[in-house]
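Below is one structure, written out as structure tokens; comments come after it.
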Amino acid sequence: MEYNFRKIEERWQNEWKKNEVYKVNNDSPKPKYYVLDMFPYPSGAGLHVGHPLGYIASDIFARYKRLKGFNVLHPMGYDAFGLPAEQYAIEHGIHPAVSTDQNIKNFRAQLDKIGFCFDWSREVRTSDPHYYKWTQWIFLQLFNSYYNRIEKKADRIENLIKIFTQEGNVNHPIPNSQFQITGSSFTIHDSQFTSADWNSFNEKIQQEILMEYRLAYCGYGEVNWCEALGTVLANDEVINGVSERGGYPVVKKKLRQWYLRITEYADRLLEGLEKIEFSEAMKEMQSNWIGKSFGAEIDFSLTPNLSLRRGDGGEALTLKVYTTRPDTIFGVDFMVIAPEHELISSITTEEQQQAVDDYITYVKSRSDRDRQAEKKITGCFTGAYAINPFDQREIPIWISEYVLAGYGTGAIMAVPCGDERDFKFAKHFNIPITNIIGKHYTGEEANPTKDAVLENSGFLNGMVMRDAIDIVITKLEELGIGKRKVNYKMRDAAFSRQRYWGEPFPIVWDNGIAYPLPENELPLLLPEVKTYSPGPEGEGPLANIPAWTEKKLETNTMPGYAGSSWYFLRYMDPFNEKEFCSRKVSDYWGQVDLYIGGTEHAVGHLLYSRMWTKALHDLGFIGHDEPYKKLVNQGMIQGSSRFVYRLNVNGKYLGEDIVINNVFVSYNIYLNVIRDNNLLQHITVYLIQTGYLSNITLLIKENIAEHFSQLHVDVNMVDGIELDIEAFKKWRNGEYANAEFILEDGSLYHSSSISNYICSTEVEKMSKSKFNTVNPNDLVEKYGADTFRMYEMFLGPVEQSKPWDTKGIEGVHRFLKKLWRLFFDEIKGPIWTSSAPSPLERAGGEATDAELKVLYKTIKKIEEDTERFSFNTGVSAFMIAVNELSDLKCHKKEVLEKLLIILTPYAPHVAEELWHQLGNETTILDAAYPKVEEKYLVESSKNYPVAINGKTRAELNIVLDATQQQVEEIVLANETVQKWLEGKSPKKIIYVKNKMINVVI
RNA sequence: GCCCAGAUGGCGGAACUGGUAGACGCGUCAGACUCAAAAUCUGGUAUUCGCAAGGAUGUGCAGGUUCGAUUCCUGUUCUGGGCACCA
């Protein structure tokens, strides 16, 4: 009986489906364990071998936990809203729901072949109204909440209104300290209003103020606006300042946008990192993104003639900057303000007006990324000066794109001797540099030290910078021109898209006031549209529907991360029509115990879903405030591309131009030719001799490589690096059907050629356009799901990125066949033996200590490796076990049965089959994980490496409980050691028990 | 530009807490079986010098700490991911 994986896998997949073995109950006496994969977007390209990597890892872990006695939730679903489906709809007129549905079907068919233990009965799709009803509902909860800074948690907006009515906002200042009511003569001072003020406001003003507090709020923000396409573009769709499609110019445009007030959660998102098991790198990325810093806001007055001017609020103009280094205030040589800064129009001098206008126009065409990434320095002087409050020095005010409006106050004080970017700016524009740190500043580059003693710094002279920070802030506060300030780099999250394929906002606009729809009107269904093109003025497609706009419904839709911010909760209770998830159920499942996904979500999805969880927790809907207890990041699987080389030579024959462009040259021949240009002649002469070409005069270019085009070839037509020429000829509808091939030995290809065509290789991103994608189903078809699963794991650590190479899969397949042969012989059939044989079994006595040692060593290793997600070494441990048991000719049921159980998470189909072959009636999926019997693993001695001066020279077998003295005697008696000692006595003998011995001479 | 990660034989990788570098697999070479091939099995395989015994070198690069460094520290190069509307 041979290992017929196709039959086995089909049989058990059907059996498991029929018996609903993966259905999970919300109520179990077993401890719970929640394993989750990051929500996949069902792309039209389907799965390639990179996608299932994380799913296989989570599947192994879920199955392992199940064997360990846990009630394991392991669901799967689809993040089904998104830009690609909408783009497809624009181009092909197919409704995104239709194409998405088709994509999901393909996706599912591919997943099913791999044998995952997902509980598909819990599948969710974000685009399903039953699902997005609750996304809209949660949005309304956020809309109807504010962040209570005193209690440090979200609270109902009704409570805030009550507070305003009773005491104004004295204890709850407006988060945006610059806020002023629009279109009203009422001026808010220091972000404050009284209860009398509040009660005197009309509804519109009250709502405008409340909007400043809501966790989901409406404001204005800049988008990538493409006039030619009449639409807003995603960053992805903008390349070098022009649209990806068509290459039209893209500029910044202010549009009404929804936001989530995630900044209020900055501190808790930071603190929460300490409670969760994310990698240090991931935590660092998140905390850098949040970017908490301590410093000061300083108001600089402007030169007298400007200070006389007044701002809109009738107050004297000042320039407010944020700095983390107030200690350097005497080193400020210029100010830099963002090109969007509101002060620009009031302070720019007449002479500079034109230059400033030109500069701002230039900046409008630049993305935030470009603005920070560019190495070239740009900027423009406004003509205005600020006054240093301590020494009255006049400081020129510049505009530069590297200062972003959204961070701090959108203005910085530049200290070129201490900040590299300021330094380069000063050098570039010839601004004189003040040195306040003496010898620490060389004049060659800035020095950001905090440990220098200050010079040229007025009352700070002689002070260490680190200590001066606090003194300056105190002084500023005394003078009333500055204050201590904590700042965050993180900005509020833009939460709307001018698109069709997303959740509609349950919001009605009336007289400029946003009114939430009542809960009983949810879900607000996404309406059908005739075209997916944008509405007027950059609005989304919904603005084109009269029935929609008549109802004054919001025309924006929610972004991709809306549905994915809470999906892990819906899986717990997917059919609940009354709640997004019942509290009882979410209390049972609690946090996701293990979350597996890529690092690309490091700061987007992971921060947003953490914020949603915290808000839902604050409002009492769930009992935990961090969604993911442990996160494992899977690496990317890169593509390994293959290339062929097409000869491209022009010539003349009988006065006619001749082009050779249908001859492919094997890689090493190509390399030889570009090294030695005579070979090109030889090749063409050869082509002539073989009758392929007549005598022609060649026109050879100076750079021989230009005579070749390197073309991607589909990796599925290449075995390792050998091209399947016949398959290649049929490729792309026979585009190369008449091609000729010069093979590795220099011969021309014919039907019985012995030599091969060799391709070159390169590791690139796996993508269709590079023809390096490999479909997992092809491999499952050829080798089986068990082989495929184990091979994906065998490739390397899950966390690491690595190139895909199909070639190696055979080794894993051989392993499974070898495992099979422990149970079955091709001729003899079943060969396992049992100490208490059933009538059908052979007697074979009890397992020997050596056999049991292999078994328990393996159980221990697999358990350790699985627990630490080291699946690649786990697979090798299985290989080693099977190799050793084969060597021992061990076919004992007692040993093999336990081996099958620990193999189940990795290769469930073959394990289940053999388990039943051995006579078991129940499924192996619920077998009990075997316990390690340490008594078979104890060793009494060890082969110690003996090093002389750190270099291993000999090996000695020494009992484990040997003392230092005993070891020294044994070592010194050794011949090799004696030889190296050359009669000298050693300085020291280092003996680390169970590790090594080092003799120092 | 900024933040994060990675770099080990021909290839994927192993070495978990500073202690025998290269487990396991691929590839490759030699052999067995076979008319032959496939499959399977056995053995070799970091580089280099040497008939061998044995020696030297070796974990991106340059330094450092240590009896001992792939592992820790400093600097540096290259590659990958993210940078707020791809998901």
Side-chain angles (χ1 to χ4, degrees), chain A residues 38-41 43 79 81-84 87 221 223-224 232-238 257 279-282 284-285 287-289 291 368-375 402 406 420-421 489-499 559-561 564 598-605 607 633 635-636 638 640 720 761 763 765 791 794-797 799-805 807-812 814-815 817-818 821 826 864-865 868 870 872-873 875-880 883 943-947 949-955 986-990 992 994-1001:
Chain A
M38 279 186 192
F39 224 8
Y41 176 78
S43 108
D79 190 9
F81 278 131
L83 211 48
Q87 195 50 44
V223 295
N224 301 312
V232 174
L233 297 177
N235 286 336
D236 256 33
E237 301 173 299
V238 184
Q257 301 284 352
S279 67
E280 284 309 309
M282 182 63 53
E284 210 167 323
M285 271 190 269
S287 59
N288 287 344
W289 179 269
D368 277 10
R369 182 95 46 91
D370 291 339
R371 285 172 56 173
Q372 291 173 91
E374 200 63 60
K375 288 176 193 175
Y402 76 83
E420 196 55 35
R421 196 138 56 158
K489 199 158 20 177
M490 182 167 65
R491 313 199 284 264
D492 279 340
F495 194 67
S496 50
R497 306 288 181 259
Q498 291 68 49
R499 295 285 178 177
Y561 66 84
S564 61
T599 45
E600 65 271 23
H601 297 287
V603 286
H605 162 66
L607 274 177
N633 290 116
M636 306 237 310
Q638 291 143 325
S640 179
T761 69
V763 172
K765 209 181 193 121
Y791 183 56
F794 187 62
L795 273 183
E799 293 97 332
Q800 208 168 292
S801 290
K802 57 243 155 188
W804 178 264
D805 177 19
K807 198 81 188 163
I809 197 168
E810 310 241 354
V812 176
R814 260 173 229 151
F815 151 74
K817 286 202 277 195
K818 196 164 179 181
R821 287 200 303 273
E826 263 179 71
E864 284 169 1
D865 284 353
R868 68 189 173 103
S870 179
N872 56 327
T873 52
V875 176
S876 340
F878 280 121
M879 291 174 169
I880 292 167
N883 287 345
N943 264 337
Y944 280 91
V946 180
N949 285 339
K951 286 210 183 296
T952 309
R953 300 294 179 183
E955 207 170 75
K987 275 193 197 132
K988 205 188 322 180
I989 293 179
I990 293 155
V992 184
N994 212 8
K995 293 280 184 197
M996 47 63 71
I997 296 158
N998 189 15
V999 181
V1000 186
I1001 301 173

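By convention in this document, chain letters (A, B, ...) are assigned in the order of the sequence lines, proteins followed by strands, and residues within each chain are numbered from 1.
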Taking atom [atom1] in both [N] and [M], compute the distance separating them and give it to the nearest angstrom.
N: B:rC33; M: B:rC41; atom1: C1'; answer: 8 Å
N: B:rG80; M: B:rU8; atom1: P; answer: 15 Å
N: B:rG25; M: B:rA36; atom1: P; answer: 29 Å
N: B:rG63; M: B:rU57; atom1: P; answer: 15 Å
N: B:rU71; M: B:rA15; atom1: C1'; answer: 10 Å
N: B:rU70; M: B:rG58; atom1: P; answer: 10 Å
N: B:rG68; M: B:rG75; atom1: C1'; answer: 24 Å
N: B:rA5; M: B:rU76; atom1: P; answer: 16 Å

Is [X] touching bases, backbone alone, or none of the nucleic acid, heavy atoms closer than 4.0 Å?
X: A:Ile880; value: sugar-phosphate
X: A:His601; value: base
X: A:Pro40; value: nothing
X: A:Ser496; value: base
X: A:Trp289; value: base
X: A:Ala602; value: nothing
X: A:Glu284; value: sugar-phosphate
X: A:Val238; value: nothing
X: A:Val763; value: nothing
X: A:Met38; value: nothing
X: A:Lys987; value: nothing
X: A:Glu810; value: nothing

Can you confirm whether A:Asn998 sits close enough to A:Ile989 that some side-chain heavy atom of one is under 4.5 Å from a side-chain heavy atom of the other?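 No, side chains not in contact.
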Heavy-atom side-chain proximity of A:Val999 to A:Arg953 below 4.5 angstrom: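 A side-chain contact under 4.5 Å is absent here.
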Identified pairing partner of [N], criterion: Watson-Crick or G-U wobble below 3.5 Å:
N: B:rU47; result: B:rA56
N: B:rG22; result: none
N: B:rC72; result: B:rG64
N: B:rU17; result: none

So A:His605 and A:His601, would you call those rings parallel, tilted or perpendicular, with 30° and 60° as cut-offs?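 Perpendicular: the ring planes of A:His605 and A:His601 meet at over 60°.
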Please work out whether the ring planes of A:Trp804 and A:Tyr791 are parallel, tilted or perpendicular, with thresholds of 30° and 60°.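 Correct class here is perpendicular.
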Does [N] have its OP1 or OP2 closer than 4.0 Å to a side-chain nitrogen or oxygen of [X]?
X: A:Arg814; N: B:rU40; value: yes
X: A:Arg821; N: B:rC41; value: yes
X: A:Arg953; N: B:rG68; value: no
X: A:Asn633; N: B:rA5; value: no
X: A:Lys489; N: B:rC83; value: no
X: A:Arg868; N: B:rC16; value: no
X: A:Gln800; N: B:rG13; value: yes
X: A:Thr952; N: B:rG19; value: no

Side-chain donor-acceptor pair present, A:Thr599, A:Asn633, cut-off under 3.5 Å: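 There is no such pair (donor and acceptor under 3.5 Å, judged by atom type) between the side chains of A:Thr599 and A:Asn633.
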Whole angstrom is fine here: how far is it from [atom1] in [X] over to [atom2] in [N]?
X: A:Glu799; N: B:rC16; atom1: CD; atom2: C1'; value: 12 Å
X: A:Asn288; N: B:rC3; atom1: CG; atom2: C1'; value: 5 Å
X: A:Asp805; N: B:rC24; atom1: CG; atom2: P; value: 20 Å
X: A:Ile809; N: B:rG12; atom1: CD1; atom2: P; value: 18 Å
X: A:Asn235; N: B:rG82; atom1: CG; atom2: P; value: 13 Å
X: A:Glu280; N: B:rG6; atom1: CD; atom2: P; value: 13 Å
X: A:Met636; N: B:rG81; atom1: CE; atom2: P; value: 5 Å

Which residue, A:Val999 or A:Met996, contacts RNA chain B at a nucleotide closer to its 5' end, judged by nearest heavy atom?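 That would be A:Met996.
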Here's a test of your reading of the structure: between A:Glu826 and A:Gly950, which maps to the more 5' nucleotide of RNA chain B?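 That would be A:Glu826.
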Enter the distance from A:Gln800:CD to A:Leu795:CG here, rounded to the nearest 0.5 Å.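 Atom-to-atom, A:Gln800:CD and A:Leu795:CG are 11.0 Å apart.
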At what distance, to the nearest 0.5 angstrom, does NZ of A:Lys817 lie from CD of A:Glu810?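 So the NZ of A:Lys817 and the CD of A:Glu810 are separated by 8.0 Å.
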Do the side chain of A:Gln498 and the base of B:rC85 come within less than 3.5 angstrom through a donor-acceptor pair of N or O atoms?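 Such a pair exists between side chain and base.
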Under 3.5 Å, is there an N or O donor on one side and an acceptor on the other linking the side chain of A:Asn998 and the base of B:rC67?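 By the distance-only test, yes, there is a pair.
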